Amino acid sequence: ELGNATIVENNPPGVAYKAVLPDEAFDKDAFPDGGNVKGEITAVASPNGIGVRVKVRFSNLPKEGGPFPYHIHVDPVPEDGNCTKTLAHLDPYIRGEDIPCSRNLSQTCQVGDLAGKHGRIDSDPFEASYIEWYASTVDGIGAFFGNRSFVVHFANKTRITCGNFYKLEDTFSYPSD
Ligand SMILES: *[C@@H]1O[C@H](CO)[C@@H](O)[C@H](O)[C@H]1NC(C)=O
Ligand SMILES: *[C@@H]1O[C@H](CO)[C@@H](O)[C@H](O)[C@H]1NC(C)=O
Ligand SMILES: *[C@@H]1O[C@H](CO)[C@@H](O)[C@H](O)[C@H]1NC(C)=O
Ligand SMILES: *[C@@H]1O[C@H](CO)[C@@H](O)[C@H](O)[C@H]1NC(C)=O
Ligand SMILES: *[C@@H]1O[C@H](CO)[C@@H](O)[C@H](O)[C@H]1NC(C)=O
Ligand SMILES: [Cu+2]
């Protein structure tokens, strides 16, 4: 509705956010014996301020039900850990869910659709590093993700687990490639 996503060019270099998954899954059926996906996302504003450098790491995924999408969601996870309460994907341009996002037309994707733009979790362990052009570390604009969360889903969209982004004290800790 609001057109394509805009590349963010004013990210303060070195400002870093991280989100780590909790010890217990939200979807208890995914881990009947307890436990959870282990995983984290580290996102650091690029040295030139254009986009953010993202590093993701996941392991201990459910044996069935992949490949697993993950996204930045609008709201943080509340105290009770309920991933449903993180609401929908971060989508400041109001793109919507219906047309799947194409990896080589990433400006047309939802800002929060990291798996759509950069690939789903299709191995265990899974690691990826990429530049995300449309997410912002500048508080105050819609594409800001530092006060939000991310959710890992089954391929059928059921929410397995979720974690909140928080700001790292140290700046300039660029994830190594
Ligand atoms: C969005 O980007 C696509 C691909 O470059 C382009 O075809 C389309 O016209 C753009 N839409 C708007 C509203 O600018
Ligand atoms: C989604 O997939 C998981 C894993 O295969 C399965 O356990 C669950 O029942 C499915 N949920 C729905 C709503 O289909
Ligand atoms: C999580 O929140 C949703 C929406 O508020 C609610 O419908 C659901 O019952 C909650 N689930 C759990 C396990 O508390
Ligand atoms: C990406 O672009 C290439 C070349 O235009 C096209 O052949 C391919 O199908 C596109 N891939 C996706 C996933 O849309
Ligand atoms: C997160 O930050 C954005 C941009 O400053 C703001 O619009 C949004 O309301 C904030 N969300 C929460 C849950 O605080
Ligand atoms: Cu999601």
Side-chain angles (χ1 to χ4, degrees), residues 1-9 17-22 24-43 50-52 54 56-78 80-124 126 128 130-136 142-165:
E1 282 188 22
L2 303 182
N4 289 326
T6 305
I7 293 180
V8 180
E9 299 184 335
Y17 289 88
K18 187 168 183 171
V20 180
L21 293 173
E24 297 292 322
F26 165 60
D27 180 7
K28 303 290 180 207
D29 297 337
F31 291 89
D33 302 325
N36 194 11
V37 179
K38 291 192 199 323
E40 58 183 48
I41 298 181
T42 311
I50 304 175
V52 284
V54 178
V56 308
R57 218 192 279 265
F58 296 104
S59 62
N60 198 43
L61 290 138
K63 301 285 174 267
E64 310 278 331
F68 305 92
Y70 64 101
H71 321 104
I72 300 171
H73 281 234
V74 170
D75 269 5
V77 187
D80 66 6
N82 187 329
C83 297
T84 307
K85 295 178 181 169
T86 63
L87 306 180
H89 302 162
L90 179 58
D91 187 17
Y93 301 94
I94 319 182
R95 173 198 195 275
E97 297 281 324
D98 292 342
I99 306 161
C101 129
S102 167
R103 282 180 76 167
N104 40 10
L105 290 176
S106 61
Q107 72 274 32
T108 71
C109 296
Q110 294 176 321
V111 170
D113 188 1
L114 297 181
K117 289 182 272 191
H118 307 287
R120 294 177 175 200
I121 303 165
D122 59 0
S123 66
D124 188 354
F126 176 86
Y130 48 83
I131 307 277
E132 168 51 53
W133 301 110
Y134 308 101
S136 175
F144 178 63
F145 65 91
N147 61 351
R148 308 187 194 272
S149 61
F150 85 96
V151 177
V152 179
H153 301 251
F154 281 114
N156 64 16
K157 296 189 178 171
T158 295
R159 297 176 187 207
I160 303 171
T161 182
C162 51
N164 284 331
F165 285 97

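This structure is a prediction, so every number in the text was calculated from the model and none was measured. Side chains included, hydrogens not; waters and symmetry mates left out as well; all remaining heavy atoms used. Start at 1 and go down the list; that is how both ligands and their atoms are numbered.
In this structure a side-chain-to-backbone donor-acceptor pair under 3.5 Å is present from Asp124 to Asn60. Checking side-chain atoms of Arg148 against main-chain N and O of His73 turns up no donor-acceptor pair under 3.5 Å. Proximity of a side-chain donor or acceptor of Asp91 to a complementary backbone N or O of Gln110 within less than 3.5 Å is not detected.
Tested against Arg159 for a side chain to side chain donor-acceptor pair (under 3.5 Å), the candidates Thr86, Asp27, Asn82 yield a single pass: Thr86.
Under the 4.0 angstrom criterion for non-hydrogen atoms, Thr158 is in contact with ligand 2.
Note: Phe68 and Phe154 have tilted aromatic rings, judged against thresholds of 30 and 60 degrees for the angle between ring planes. Ring orientation note: the planes of Phe144 and Tyr17 are nearly perpendicular, at an angle over 60° on the 30°/60° scale.
Residues satisfying the salt bridge (Lys or Arg N to Asp or Glu O under 4.0 Å) test with Lys85, not counting sequence neighbours, are Asp80.
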Which pairs of donor and acceptor atoms, one on a side chain in residues 30-39, lie under 3.5 Å apart (sequence neighbours left out)?
residue : atom : partner : partner atom : Å
Asn36   : ND2  : Pro22   : O            : 2.8
Asn36   : ND2  : Thr161  : OG1          : 2.8

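Between Tyr70 and Phe58, the ring centre distance stays below 6.0 Å.
Contact annotation: the side chain of Val111 never approaches that of Phe145 to less than 4.5 Å [non-hydrogen atoms, C-beta and beyond].
Considering backbone and side-chain atoms alike, Asn156 places an N or O below 3.5 Å from some N or O of ligand 2.
Of all protein N/O/S atoms, those lying under 2.8 Å from the Cu ion (ligand 6) come to 3.
Listed by chain and number, residues touching ligand 1 at under 4.0 Å (heavy atoms only) are Asn4, Leu105, Gln107, Thr108.
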